[in-house]
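Below: one structure, written as structure tokens.
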Amino acid sequence: MIKEYKTIREIASPLMIVEGVEGVTYDELVEIELPDGEKRRGKVLEVNEGKAVVQLFEAAQGINLANSKVRFLGHPLQLAVSEDMLGRVFNGMGQPIDGGPEIIAEEYFDINGLPMNPAARAYPAEFIQTGVSAIDGLNTLVRGQKLPIFSGSGLPHAALAAQIARQAKVLGDNETFAVVFAAIGITFEESEFFINDFKKTGAIDRTVVFSNLANDPAVERIATPRMALACAEYLAFKKGMQVLVIMTDITNYAEALREVSAAKKEVPGRRGYPGYMYSDLATLYERAGRRQDKEGSITMIPILTMPEDDKTHPIPDLTGYITEGQIILSRDLFRKGLTPPIDVLPSLSRLKDKGIGEGKTREDHSGTMNQLFAAYSRGKEAKELMAILGESALSDDDKLFAKFSEKFEKHYVSQGNNTDRTIQETLNLGWDLLKILPRGELKRIKPELIEKYMPQE
């Protein structure tokens, strides 16, 4: 039986303290009824000696301490899930905001999910094609992987996120692919950009969008990625779909975490963020993966803006520890007009070797990938040397590598936001660029593959 209380002692937004409670548990969903009949929600953060600390999901304005009623509902925050969610847009609390009907629930999923048993995990091993050469060719995304994008303020990560959501696919005839897109603390303009882009290109039909705006309560920001992941778990492990979860911007999520932590008067950690931020981020990231007994999978691309472009800032630093690599956007490449401005040398996909090769992409993928990395690195060094000593100081080979690095940036990395390249097109483009270099310099590719794939003059 649901008990009702009128014992609100204190409100310090976004927290409320209720006294004299019995049988209340951590994370339990709370309903607050105002004197005019309006209902708001929250969740239990702490219970101690008959006092419950409740985190409010909406604003505290208008809650009368004496006349408002509080009900503890006996279960955590849940999301009503159904296949009808595909093609729909929800707010950060899982309520439809696209003018469509309410979702008729097939099931209710606890948004906090359950940790995936490590023994039941299947190793990520299948290629996911994003259509972006700098990712597919050099930092390959693998099904079940967590591959974050590290961006900076003002860099075009939103356009890249929309491009990946539109273009991503798994190669295989019988695979059903879906995208769950969580927009966390973004502006109304950004939200409209994503939704309109998905609708215009038809990508909305296989996408579920959760949109939390910057003017929504901070607490909703903490729930938004969990809503998205609950939806992804339903589609992947109940419906057997291959699901790509894109979350932008994790920095806004961490800021909300810091705000709520400060309201609870917790001892701050690095730069004022709570000391438990590592484990909190892990509860999100570790929900991605593949299960041995399930057909579906969850692959995750969290996007975060690094404050002051600082890779050692707590948010990118902790994210890097939990995830399997990172794609880094470069301000220098952005100034040069490259789109997307992916800096391939410091970028890394730790699982790329597992998802490439014969039967997955193509037999020449590994060799060309290593050769392109090496040639681009040497070309950048040659250009730096040229800037200091002048072109006359370079050998003929150095000049060829410098020319290679320029063409590599212009034609391979920079492809615009509307070009969708297949993995074969990406690999062939790599061979076209390697043609600039003397064959004797292609030491990382087997000679028989050079004979087979190198374009003839």
Side-chain angles (χ1 to χ4, degrees), residues 127-142 145-152 155-157 159-161 163-164 167-168 301 303-304 306 309 311 316 319-320 323-356 361-362 364-384 400-417 419-423 425-437 441-442 444-445:
F127 170 68
I128 290 183
Q129 181 175 291
T130 64
V132 179
S133 291
I135 298 174
D136 292 348
L138 302 175
N139 294 289
T140 312
L141 179 65
V142 180
Q145 184 178 5
K146 309 173 285 288
L147 186 63
I149 294 174
F150 289 3
S151 182
L155 295 181
H157 50 269
L160 180 59
Q163 183 176 10
I164 293 171
Q167 297 178 178
I301 299 182
I303 297 171
L304 57 92
M306 300 178 288
D309 293 0
K311 277 182 274 207
T319 294
T323 54
E324 293 113 10
Q326 68 278 329
I327 303 293
I328 296 180
L329 301 191
S330 158
R331 203 168 289 282
D332 287 342
L333 295 180
F334 178 59
R335 288 193 189 108
K336 283 186 187 177
L338 272 61
T339 306
I342 295 173
D343 196 349
V344 298
L345 293 181
S347 296
L348 169 70
S349 169
R350 292 192 182 97
L351 299 179
K352 63 188 174 189
D353 293 331
K354 311 298 178 192
I356 63 175
T361 52
R362 209 167 72 184
D364 58 318
H365 193 156
S366 179
T368 53
M369 174 180 72
N370 294 335
Q371 191 65 64
L372 287 167
F373 264 120
Y376 180 51
S377 177
R378 184 169 163 187
K380 284 192 80 172
E381 285 175 14
K383 284 174 73 177
E384 285 169 14
L400 285 176
F401 277 100
K403 178 185 173 187
F404 169 86
S405 75
E406 278 188 23
K407 292 210 166 191
F408 177 81
E409 287 179 355
K410 276 185 190 170
H411 301 296
Y412 193 96
V413 175
S414 184
Q415 64 180 74
N417 289 127
T419 304
D420 184 1
R421 290 180 184 155
T422 65
I423 186 60
E425 288 171 335
T426 290
L427 293 171
N428 292 340
L429 179 57
W431 280 109
D432 278 337
L433 290 166
L434 291 173
K435 197 168 62 175
I436 296 168
L437 306 175
E441 294 289 345
L442 306 183
R444 287 173 169 77
I445 309 175

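Note that this is a predicted model, so its numbers are computed, not measured.
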For [X], give me all partners under side-chain contact (heavy atoms from CB on, under 4.5 Å), at least two apart in sequence or on another chain.
| X | value |
| --- | --- |
| Ser366 | Ile356, Asn370 |
| Ala161 | Phe181, Phe194, Ile246, Ile303 |
| Glu425 | Arg421, Thr422 |

Using side-chain hydrogen bond (donor to acceptor under 3.5 Å, both in side chains) as the criterion, list what pairs up with [X], not counting sequence neighbours.
| X | value |
| --- | --- |
| Asp353 | none |
| Thr426 | Ser133 |
| Lys336 | Glu409 |
| Ser349 | Gln145 |

Using salt bridge (Lys or Arg N to Asp or Glu O under 4.0 Å) as the criterion, list what pairs up with [X], not counting sequence neighbours.
| X | value |
| --- | --- |
| Arg350 | none |
| Asp420 | Lys169 |
| Asp136 | none |
| Asp343 | none |

Review point. To the nearest 0.5 Å, how far apart are CG in Leu141 and CD1 in Ile164?
Key: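 Going from the CG atom of Leu141 to the CD1 atom of Ile164 covers 8.0 Å.
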Point to revise | CG-NZ distance between Leu433 and Lys403, expressed to the nearest 0.5 angstrom | key: 10.5 Å
Practice item. Kindly say whether Phe150 contributes a backbone atom to a donor-acceptor pair with the side chain of His157 at under 3.5 angstrom? Key: no
Practice item. State whether the side chain of Glu324 and the backbone N or O of Lys146 hold a donor-acceptor pair below 3.5 Å, judged by distance alone. Key: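 Pair found, side chain donor or acceptor close to backbone of Lys146.
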Check your understanding: With Tyr376, which residues qualify under ring-ring contact (aromatic ring centres under 6.0 Å, His included), at least two apart?
Key ->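 Checked Tyr376 against ring-ring contact (aromatic ring centres under 6.0 Å, His included); matches are Phe408.
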Exercise for review: Tell me, yes or no, whether the heavy-atom count around Lys383 atom NZ, taken from other residues, nucleotides or ligands under 6.0 Å, exceeds 12.
Suggested key: yes
